[in-house]
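As structure tokens, the structure follows; a few thoughts come after it.
Residue numbers start from 1 in every chain, and the chains themselves are labelled A, B, ... in the order their sequence lines are given, proteins ahead of strands. Just so it is clear, the structure is predicted and the values come from calculations on it, not from any experiment.
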Amino acid sequence: MKSALLKGAAIGLLATSLVAATAPAQARDTIQIAGSSTVLPFASIVAEEFGNAFPEFNPPNVASGGSGTGKRLVCEGVGEDTIDIANSSSKMKQSELDACHTNGVMDIREIVFGYDGIVFATGINEGDFALTPEYIYKAIAAKVPVDGAMVDNPYTNWNQIDPSLPDQEIFVAVPGTNHGTREVFDNNVLEDGCEAAGLPEMSDDDMEAACLTLRQDVVVEISGDYTETLARLQANPAAVGVFGLSFYENNRDTLKVATVNGIVPTLESIAAGDYPVSRPLQFYVKGEHIGVVPGISEYVAFFLSDEMAGQGGTLEEAGLVPASSDFLASQLDNFNNGVQYQP
Amino acid sequence: MSDITASGEALPSGKNVRELVHQSLGRRHRQETIFKSMGLVAILVALGFVAILFSIMLTKGLPAFWQANLHTQVYFDPDIIKGGPRPVQEAGQSDADYRQQDLAWQRQVTLSNWNAIVEQTVRDVAPDTDAEKRDILAIITSSARFKLRDMYVEDPSLLGQTVPVTLLASADADNWVKGKLARDLPDERQQLSRSSRDLADQLLADGDITFDFATHIFTNVDSRSAPASAGLAGAFMGSLYMMMVVIVLAVPIGVASAVYLEEFAPKNRWTDLIEVNINNLAAVPSIVFGLLGAAVFINYFGLPRSAPLVGGLVLTLMTLPTIIIATRSSLRAVPPSLRQAALGLGASRNQTVFHHVLPLTFPGILTATIIGVAQALGETAPLLLIGMNAFIANIPASPLDSATALPVQIYLWQANENRHFFEARTSAAIIVLLGLMIVLNAIAIVLRTRLEKRR
């Protein structure tokens, strides 16, 4: 009996190592996608519907991890062990594209499929916030200008910044640097706020540091998903959290949204361009994998179709701010014509 | 104890010793009582925490196993369903050709306006509703149209017939009829429109919506577009494949190394070094194994990302030390006299080990294996680094297909933006995982007692 047992174990071992050895030779038939947690819900819905609509293809795999992670993974190289598509809520930077080229990925195509707003929200029972980029900057920057000189941030309560804000302790949960949301937050909120606050004369580098360096005592950087931000708000309802519009829309019963420059973030105000903190959502396709991994072109076309990303489509119901169908059609044309992404 | 012996020597008379013992008896009994009660308190505190944990899990998770379903009649309207009759394979037509034709037909069928059929189905049971099409579709899970399509593709003769079906209510409607969202919240804070909510209430009152046991939690894969139909089947299969890899690899390698180190290896500096390293390996945090797996198995060997095979290999590395250490200690527990007797009767060392020593350690090895596997089953951190935290919309057919694992599914669900629905789903998944753990441990105990009895 013992020898039989040992024999069985040996055969099992052999079989597993055989499987392991032959694995790379087998062609991958499932599209691999990774990146932005903001894009994740949309891409997952499309992936699932894609599997339903195209029985001949496997539904793509969609992983989270943040926009930066996605772009890094897609640029790791060409081949089956690298992913095909990076979801991103921020544009690919020149440095990221250079990393792609260094690793032999020469064909990167960008598809913008819609827009998203970044909203500021507090617990439902807290005061009403009418924010501006300047107020946010003053609340969370490490150094702020007071009487023409840069001093360590003296504010502890929102109403010290402006009497119109509630008398509430300052505590802000912002997305970590691995998230595309953070980049948009830096560009559209902090830099604008910085400008509005009127910093004293200084060199450009110093200016950028002064604008983007956050104080550590009342700012917490969230590297996980929005649920982590929500958990912070539940622990400390007075905290102000930064969310994507679709996450807020799903949790309207527990979150109260702040206006920015007097505008309430809604699908309409973002689509019209009135709400100041919005950004395009996109994904980057590795051209080298088109035709090698089956279904990539079909997935892109399906994603941009009217029933998915178009107005009144499935993704709009899930909280995407849709682009016009002309714009989506031009994106699809660019993709099919192999137009290269240029930052 | 030394006190008594010392005083016993000083006072030789037996009566005095007895008196001394009597004097200290009260103090010793008191100490015992204090220790016993402290132990009892410690156990009660531990049990209390377990009870709190379980009651939270059960109160949150059990309701998720019963979901709102709409029972109704569906009419497969020939005016809506496109594609015509299903193509049949003609004589002389090649299989590939026929398959192309069949797929084209299926696409035509899929492109039919199934939502119109779903809408009509709901209107049939609630004819006087003022709800728009949008409001009606909001209370039925969006995968209903695929369910109807699949029914039709399965049996095209349904065209023009009316058959009873059960349609799953959407996650928002489920939240609403279960009262997860406060009913007095204003419209702009609700997920469903007023007419959707009224319609759901009416259907519930009429008995068309009932709460049925949600078997799809066990049979469906994860779903984003139809959260109400999200299930654990994909994650379960992923975990199963990983555990198979772990058992096939970790048990023979672990047992063989333990037997060699304990019974055959010379005791020198090298084996000491190996022993120390195995003990260190057991203490390495699991996330480190994940990084190693990503670097070695995926980047160097080129195995696919998100594959249970890679997950299993990583978990094998993690489980090996557990099995080696436990097997070695059960080998050490075998009395040396047994080995000496066997050797004395002329058995070789090989025969001694495999005929006499190893069989005695089976219960120990089995326990170690099951503990190791249970540990591996609950491991999440290393799997996040090898891409097993992806959203996967189909059940893996082999260890090389992409998959998630049960604990990773819990992690993914707790991050879902539909908090009200997925909080319960997360707890339900935890209940399933804990249930599996309990079953595994029960098997271990049963097998061990049976093996021990036979000995």
Side-chain angles (χ1 to χ4, degrees), chain A residues 2-3 6 9-10 12-13 15-16 19-20 23-24 26 28 30 32-34 37 40-41 43-56 58-65 76 79-83 124 224-228 230 244 246-247 249-254 314 317-319, chain B residues 103 106-107 110-111 138 142-143 146 149 181-182 185 188-191 222-226 245 247-249 251-253 255-256 297-299 301-307 309 312-313 354-355 358-359 384 387-394 398-402 412 414-420:
Chain A
K2 271 135 264 165
S3 62
L6 285 175
L13 193 70
T16 318
V19 168
Q26 201 184 29
R28 177 152 65 81
T30 306
Q32 304 258 18
I33 305 170
S37 48
L40 178 84
S44 308
I45 289 172
V46 176
E48 204 176 327
E49 303 272 323
F50 178 72
N52 274 317
F54 291 82
E56 66 267 46
N58 283 338
N61 298 338
V62 190
S64 182
E76 264 179 351
E80 280 177 16
D81 51 337
T82 60
I83 64 167
I124 189 77
D225 292 316
Y226 291 130
T227 34
E228 205 179 317
L230 185 67
S246 62
F247 188 92
E249 293 264 321
N250 265 296
N251 292 278
R252 272 177 306 193
D253 58 314
T254 47
T314 310
E317 272 164 47
Chain B
L103 278 177
Q106 283 191 29
R107 177 138 334 124
T110 303
L111 288 176
S142 70
S143 62
F146 296 122
R149 178 202 64 180
L181 265 81
L185 281 181
E188 69 270 16
R189 296 213 177 280
Q190 292 283 359
Q191 293 297 326
D222 193 11
S223 176
R224 276 270 183 178
S225 66
V245 174
I247 290 172
V248 165
L249 286 178
V251 175
I253 298 179
V255 173
F297 297 127
I298 294 180
N299 290 347
F301 286 115
L303 292 175
R305 281 177 69 79
S306 320
L309 176 68
L313 289 171
F354 286 100
H355 294 180
L358 207 51
L384 302 182
M388 291 194 75
N389 55 342
F391 169 80
I392 316 268
N394 53 358
S398 83
L400 287 166
D401 290 345
S402 300
L412 290 175
Q414 68 83 31
N416 193 293
E417 58 275 4
N418 192 338
R419 299 304 311 138
H420 291 291

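Contact detail for A/Glu56 and B/Arg107: the closest heavy-atom pair is OE2-NH2, 2.6 Å. The two residues A/Gln32 and B/Ser306 make their nearest non-hydrogen contact at OE1-OG, 3.9 Å.
With a 4.5 angstrom heavy-atom cutoff, B/Ser143 does not touch chain A via any of its atoms. If you measure heavy-atom distances from A/Thr314 to chain B, you find no contacts under 4.5 Å at all. Only the side chain of A/Asp225 has a heavy atom closer than 4.5 Å to any heavy atom of chain B. Proximity to chain B (any heavy atom under 4.5 Å) is shown, for A/Phe54, by both the backbone and the side chain. Heavy atoms closer than 4.5 Å to chain B are found nowhere in A/Ile33, neither backbone nor side chain.
With sequence neighbours excluded, the residues forming a side-chain contact (heavy atoms from CB on, under 4.5 Å) with B/Asp222 are B/Ala230, B/Phe391, B/Gln409, B/Trp413, listed by chain and number. For B/Arg224, the salt bridge (Lys or Arg N to Asp or Glu O under 4.0 Å) partners at least two apart in sequence or on another chain are B/Glu417.
The residue among B/Leu103, B/Asn394, B/Thr110 with the most heavy atom pairs within less than 4.5 Å of chain A is B/Asn394. Comparing A/Leu230, A/Asn52, A/Thr30, A/Ile45 by how many heavy-atom pairs each has under 4.5 Å with chain B, the most go to A/Asn52. Between chain B and the residues A/Thr254, A/Ile83, A/Val62, the most heavy-atom pairs under 4.5 angstrom are made by A/Val62. Options B/Arg189, B/Arg419, B/Gln106, B/Arg149 differ in how many heavy-atom pairs under 4.5 Å they form with chain A, and the most are formed by B/Arg189.
With B/Arg305 contributing its side chain and A/Thr82 its backbone, the two residues share no donor-acceptor pair below 3.5 Å.
From B/Gln191, atom CD reaches atom CD of A/Glu249 across 8.0 Å, with rounding to the nearest 0.5 Å. Within the model, atoms CG of B/Asn416 and CZ of A/Phe247 stand 8.5 Å from one another, a figure rounded to the nearest 0.5 Å. From B/Leu185, atom CG reaches atom CG of A/Asp253 across 6.0 Å, with rounding to the nearest 0.5 Å.
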